[in-house]
Amino acid sequence: MSDSGTGTEAEARPSAGPSRLPAPAPRAPGAAPGAAGGDPPRLGSFLARAAAATAVLTVLGAALGLVRDQAIARYFGASDASDAFLIAWTVPEMAATLLIEDGMALLLVPAFSLALGRRDGADRTRNGRADTGAAHRVASRTGTAEAGTMRAATAACDTARGAVPDPVRELVAATLPRLFLLLSGGAALLVAGAPLVVGVLAPGLADPRLAVDCTRLTAVTVLTFGITGYFSAALRAHRSFLPPAGVYVAYNVGIITTTLVLHSVWGVRAAAAGVAIGSVLMILTQLPVFLRLVPPGRPRSPRFRRLGKRAARTAPLLGFTVLAPVVLFVVSRQSQVLVERFLASTLPAGAISHLNYAQKVAQLPMVLSLMICTVTFPVVARAMAAGQRERARLRVERDLALAGTVVLTGAAVVLGYAPQIVEVLFQRGAFDASDTDATARVMRVYALGLLGHCLVGALSRPFFSSGRPTWFPAFAMGTGLLVTMGAGYALTFRFGVDGIAAANALGISTTALLLLMGLGPRVVPIRTRAVALSLGRLAGASLAAGAAGWACAPLVADPVLSLAAGCLLVPAVLFLTGLALRSPEAVSLLALIRRRFLDGR
């Protein structure tokens, strides 16, 4: 794995040349799949190390994100100023989802995977030309009659080699300049239309001027996040996962530093300026590796322009029928945040801040669980491109099991120890005990939808892995959004911010259920009933573990010690309950423990 420190040279270093995934190893009928869900052992080992390294950087970025939120809470509390910043931050949040986390990845990872597959085919052709040249030299020395034919064939191959450009460079040349111009125009429009945007997002604000200023400062992220997402997709397709995982470390460092240095001069505008600075650092984090893997160069053939136009017509990124469903799906998904903040703007000051702090912490387990799917998405895309549907099925089913285990464990901890988590992380400065109570209540409600958020992220990737148009994810997400809106309007008046969080959980769970039911018949033939039953048993064990933590948390007065005890208690209860419910994941873990124990003896 390039620049990650987690893979060996022989296994994964792509350098500037082609990136090859190992071919699937043959498996005897009835044999158990390999450690990576049917992938070859070597690839499975690489993916495990890549996921671990990615998770480490993700945890570091999330930790810095908490420091960022702590700084904002300390200096601005849950006030009009923090609400103004969070309204402006809606734009970067939507841009991050559309351009970094989901949209750009769903479009470009399959596109770069296809280009790398074509490059591999060209390499095999060049290897064949090398064999032809060797045969020509042998024929020339022996004087056989085929020497002239061999010489002509070699010359023809050499001519063809000079005429065909590198498919990866061709894809970049056809897409990156256009993307840059499009995103630059979008950022400029956002700067000009900031008052209108704030009026739409939060019509209940008494004085929107501060939110408008912050929105204009963060508008540059439309461009910088787009370039960041482009680089991330290209690097992941090349199996270089560490630089993309490190972008949020750079991003949060920029926000934290700018806020600490300038908050006394600019107020909350310093945090908005930090968002802009941090987004530029995201690009610089990936730029050196991107230039090494996709070095710029002039084409050697006058046919490049014609071939580039052909690539532009066939590249998945530029096809409207592929682009439109992805954009609609991602925008619908992120619109849940817009609905939440629209409804919360009608509540007393601080409501948007309580929602933000609760959501950021509660969704941390979901972010960690999706690191598994982020690393394996290029593998699924290559398998789908090669027509290896069974390999894709095994990989997707294993990803769902692993991601579900991680997110439900985290959800149980959040359910049991939300007040302790919020007190440890945020209760200082302007953020007082009443803010802790309000945020903890919202966080527990959000935890009920964490499995849905995880499944939406995990299931959407296989839908888009083939690079072919599919509207079903957009339909499922739109249906979930309607549920969120309807439930939000029904519950907000009665339950306040807790009702908004409950509407979010209902809407995203509806989307997850639709995607799970629709994946098997449409894209990857997963065993829907078996997957749903397995996740249901895990969810039952998670609820039991969360209830145990909720009951035991007040027994320890110190919040740090109570939370530390919960991090031991909750996984233990979840594991034991999972065994009692015959959860396949818990049973497999027990078998692994027994095997390791016996091997140790």
Side-chain angles (χ1 to χ4, degrees), residues 27-41 43-45 47-49 51-52 55 365-366 368-373 375-376 380 390-416 447-448 450-452 454-455 458-459 462 512-513 516-517 519-520 524-549 566-601:
R27 182 162 55 92
D39 294 318
L43 177 58
S45 177
L47 292 176
R49 291 195 298 273
M366 181 267 293
L368 289 177
S369 67
L370 288 181
M371 288 301 98
I372 300 166
C373 305
V375 169
T376 60
V380 176
E390 179 65 12
R391 182 184 177 194
R393 179 187 71 80
L394 291 169
R395 181 70 262 170
V396 170
E397 287 184 357
R398 185 170 181 83
D399 288 349
L400 291 175
L402 292 174
T405 301
V406 172
V407 76
L408 286 172
T409 302
V413 174
V414 171
L415 280 173
L448 300 177
L450 282 182
L451 179 61
C454 173
L455 290 181
L459 291 168
L513 182 61
L516 182 61
M517 294 172 60
L519 181 62
V524 180
I526 64 170
R527 299 168 297 174
T528 304
R529 181 181 177 83
V531 171
L533 183 60
S534 173
L535 291 173
R537 289 171 174 170
L538 274 175
S542 176
L543 288 174
C567 291
L568 299 176
L569 172 67
V570 168
V573 174
L574 190 148
F575 174 64
L576 294 175
T577 308
L579 287 178
L581 296 176
R582 303 298 298 170
S583 167
E585 288 71 31
V587 173
S588 298
L589 180 58
L590 179 62
L592 178 62
I593 293 172
R594 286 176 175 173
R595 186 163 60 249
R596 292 292 177 88
F597 177 74
L598 292 176
D599 289 345
R601 293 177 60 185

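The minimum heavy-atom distance linking Gly549 with Leu569 is given by the pair CA-CD2, 4.3 Å. When all heavy atoms are compared, the tightest approach of Ala458 to Leu400 is CB-CD2, 3.7 Å. Leu451 approaches Ala539 most closely through the heavy-atom pair CD2-CB, 4.5 Å. Minimum interatomic distance between Val414 and Ala447 (heavy atoms only, all atoms of both residues): CG1-CB, 3.8 Å.
Atom CG in Leu533 sits 10.0 Å away from atom CG in Leu538 (nearest 0.5 Å). Note that the CD1 atom of Ile526 and the CZ atom of Arg393 stand 9.5 Å from one another [nearest 0.5 Å]. Considering CG of Leu535 and CG of Leu455, their distance stands at 5.5 Å, rounded to 0.5 Å.
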Worked check of side chain to side chain contact (heavy atoms under 4.5 Å, CB included) between Thr528 and Leu519: CA-CA 8 Å; Thr528 304; Leu519 181 62; over 6 Å; no
Side-chain donor/acceptor pairs under 3.5 Å, residues 570-588, sequence neighbours excluded:
unit_1 : atom_1 : unit_2 : atom_2 : d
Thr577 : OG1    : Val573 : O      : 2.7
Ser583 : OG     : Glu585 : OE1    : 3.2
Glu585 : OE1    : Ser534 : OG     : 2.9
Glu585 : OE2    : Ser534 : OG     : 2.9
Ser588 : OG     : Pro584 : O      : 2.8

With a cut-off of 3.5 Å and sequence neighbours excluded, list every side-chain donor-acceptor pair involving residues 406-413.
unit_1 : atom_1 : unit_2 : atom_2 : d
Thr409 : OG1    : Thr405 : O      : 2.7

